[in-house]
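What follows is one structure encoded as C-alpha cells, with my remarks underneath.
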Amino acid sequence: MRILIILMFLCTFCKAQMLASVYFDYNSAKLSRDSEKKLDSISRLNKTLKFRIFGNCDISGTSEYNKKLSESRALAVSAYLQKKIGRHIEVQSVTGLGKEKQINDNSTEDLRRKNRRVDVFIDQVMEPGEIRAGKTFASFFSRKVSEMKVRDTFSLPNVNFVGGRHIWLPKGNKVLAQLADILKNNPSVEVELQGHICCDYDNFDGEDLDLKTFNLSFTRANAIKEYLELQGIHSSRIKATGQGHLNPVVYPERKEEDFSKNRRVEIVLLKK
C-alpha cells in the first residue's frame, strides 16, 4: 500500500505555524522515498524555525508496544531531517505518543492509517513578547447569499466555546438560530463548518473533555452541524471539519479574551 503524505501549509498564518504529517504502513517505521522527498522540502525552508516531532500509532497492539513504535517513527523522521537541515533550523523535541492521542476512530482501515503518522510542527522563531494576528473574516451575516462567492470563508460572530468542550457560550444561541434561518430560506446552500481550538500546541488538536477524544476542533464544528440538523437542515448540506490549532486569530494567547477568540467555528460556502 502506498504511503500517503499530506503537507498542510496555512494560507493565512503560514509565517508562524505549519504542519507536515507523514503516514506509515502498518507496523512500520520506515520512510518511503516519497516521504523523504516531502521531508526534503520542509528542510529547505529558509526561515529561522523550530521543529517539534510527534509519533503516533493506531489502536492495534499494547500500549507499551505502540509507545515504542511511535518513538521509532518519530526518531526516523528526526534522523532524516537532522541530515538535511541547516543551522537555522532546530529540532526542539522528539516524542512518541503511542496510541493514546487518536485523532480518528479505528473503524476502517483508512482511519487507522491516518492514526499511523508522525506530525512535524514547524514554528517560526518569534521575538520575546511578539504577538501575531491571523486572518479574520467578514461575518456570514454581513451580506446576502446572492452576493457571496463559493469557497469564501466567513466568521460566525460571538460563537465561541467553553475551554476543552464542544459546548458554545450562551451568546452564540441567537447567532446559530439566525444561521439556521438563512439555510432554511436558501435550500440550495451547502456549507462547511471549520472548527478551531486554542492553546494546545503540542498536538494537532485538543482533547474534548466530555468525549475523551483528541479531535476537539472537529467536535465543535460537529456540534453546530447537529444543532442545524435539529432545526431541519439536511445533513448532506453541512460538512464538519477540524482545523486544530493551526490558524489562531491571536498567537500566542496571553489572556482569556485571546483564548476565547481562538475557540471558534468558521463557515465556508460550498454551494449556493
Exercise. Where the side chain of S43 meets the backbone of D40, is there a donor-acceptor pair that is under 3.5 Å apart?
Worked result: yes
For this session: Kindly give the heavy-atom pair with the smallest separation between F161 and R165, and that separation in Å.
Result: CB-O, 3.9 Å
Exercise. Quick one: are L269 and K149 in side-chain contact, heavy atoms under 4.5 Å?
Worked result: no
For this session: Establish whether V162 and I224 are linked, either directly or via other cluster members, by ILVMFWY side-chain heavy-atom contacts under 4.5 Å.
Result: no
For this session: Ignoring hydrogens and angles, tell me if any N or O in the side chain of S217 forms a donor-acceptor pair with the backbone of Q243 under 3.5 Å.
Result: yes
For this session: Kindly determine whether Q178 and K174 satisfy side chain to side chain contact (heavy atoms under 4.5 Å, CB included), including the steps that lead there.
Result: CA-CA 6 Å; Q178 186 179 356; K174 184 177 179 179; 5.6 Å; no
For this session: Rounded to the nearest 0.5 Å, what's the gap from NE2 on H245 to CG on N262? Could you check?
Result: 11.0 Å
Exercise. Stepwise, does the side chain to side chain contact (heavy atoms under 4.5 Å, CB included) test hold for F259 with V250?
Worked result: CA-CA 8 Å; F259 298 145; V250 181; over 6 Å; no
Exercise. Do you know which two heavy atoms are closest between N186 and R237, and how far apart they sit?
Worked result: O-NH2, 2.8 Å
For this session: Search all heavy atoms of M148 against all heavy atoms of F140 and return the closest pair with its distance.
Result: CE-O, 3.1 Å
Exercise. Does the side chain of L193 come within less than 4.5 Å of I267's, by heavy atoms?
Worked result: yes
Exercise. Between S32 and D34, does any side-chain donor sit less than 3.5 Å from a side-chain acceptor?
Worked result: no
For this session: Apply side chain to side chain contact (heavy atoms under 4.5 Å, CB included) to the pair D210 and T219, showing each step before the final yes or no.
Result: CA-CA 10 Å; D210 299 303; T219 60; over 6 Å; no
Exercise. Between the side chains of D119 and S21, is a donor N or O closer than 3.5 angstrom to an acceptor N or O?
Worked result: yes
Problem set entry | R151 atom CZ, neighbour heavy-atom count above 12 within 6.0 Å | no
Exercise. Hey, does the side chain of N160 reach the backbone of S260 with a donor-acceptor pair shorter than 3.5 angstrom?
Worked result: yes
Exercise. When you check the gap from the basic side-chain N to the acidic O, do R112 and E109 get nearer than 4.0 Å?
Worked result: yes
Exercise. Yes or no on side chain to side chain contact (heavy atoms under 4.5 Å, CB included) for F214 and D205, after CA distance, side-chain angles and deciding distance?
Worked result: CA-CA 6 Å; F214 285 85; D205 216 332; 5.5 Å; no
Exercise. Rounded to the nearest 0.5 Å, how far does NZ of K68 lie from OG1 of T62?
Worked result: 8.5 Å
Problem set entry | Atom of C57, atom of N66 and distance for their closest heavy-atom approach | CB-OD1, 3.1 Å
For this session: Kindly give the heavy-atom pair with the smallest separation between V91 and S78, and that separation in Å.
Result: CG1-OG, 4.0 Å
Exercise. Are I53 and T95 close enough that some pair of their side-chain heavy atoms sits under 4.5 Å apart?
Worked result: no
Problem set entry | Approximate separation, where rounding is to 0.5 Å, of L39 CG and F51 CZ | 9.0 Å
Exercise. Is there side-chain contact between N115 and K99, with heavy atoms separated by less than 4.5 Å?
Worked result: no
Problem set entry | Residue pair V175 / W168, side-chain heavy-atom distance below 4.5 Å | no
Exercise. Is it true that a side-chain atom of N222 and a backbone atom of A240 form a donor plus acceptor pair closer than 3.5 Å?
Worked result: no
Exercise. At what distance, to the nearest 0.5 angstrom, does CZ of F137 lie from OG1 of T153?
Worked result: 4.5 Å
Problem set entry | R73 side-chain N/O to N56 backbone N/O, donor-acceptor pair under 3.5 Å | yes
Seminar exercise, completed: From the list V94, L31, V77, side-chain contact (heavy atoms from CB on, under 4.5 Å) partner of V118 resolves to V77
Exercise. Is there side-chain contact between I89 and L81, with at least one heavy-atom pair below 4.5 Å?
Worked result: no
For this session: Kindly say whether H196 contributes a backbone atom to a donor-acceptor pair with the side chain of R220 at under 3.5 angstrom?
Result: yes
For this session: Check whether any side-chain heavy atom of F24 sits under 4.5 Å from a side-chain heavy atom of S35, and report yes or no.
Result: no
Exercise. Do L183 and H234 touch side chain to side chain, with heavy atoms closer than 4.5 Å?
Worked result: no
Exercise. Under 3.5 Å, is there a donor-acceptor pair between the side chain of D208 and the main chain of L211?
Worked result: yes
For this session: For the pair K272 (side chain) and S146 (backbone), establish whether a donor and an acceptor sit closer than 3.5 Å, ignoring hydrogens and angles.
Result: yes
For this session: Heavy atoms only: give me the nearest S155-S139 pair and the separation to one decimal.
Result: OG-CA, 3.4 Å
For this session: Tell me whether the guanidinium CZ or amine NZ of R113 lies under 6.0 angstrom from the six-membered ring centre of Y23 and within 45° of its axis.
Result: yes
For this session: Group every Ile, Leu, Val, Met, Phe, Trp and Tyr by side-chain heavy-atom contacts under 4.5 Å, then state whether V120 and L75 land in the same group.
Result: yes
Problem set entry | Euclidean distance, L228 CG relative to L176 CG, rounded to 0.5 Å | 7.0 Å
For this session: Report the distance from atom CD of E71 to atom CG of L69, rounding to the nearest 0.5 Å.
Result: 9.5 Å
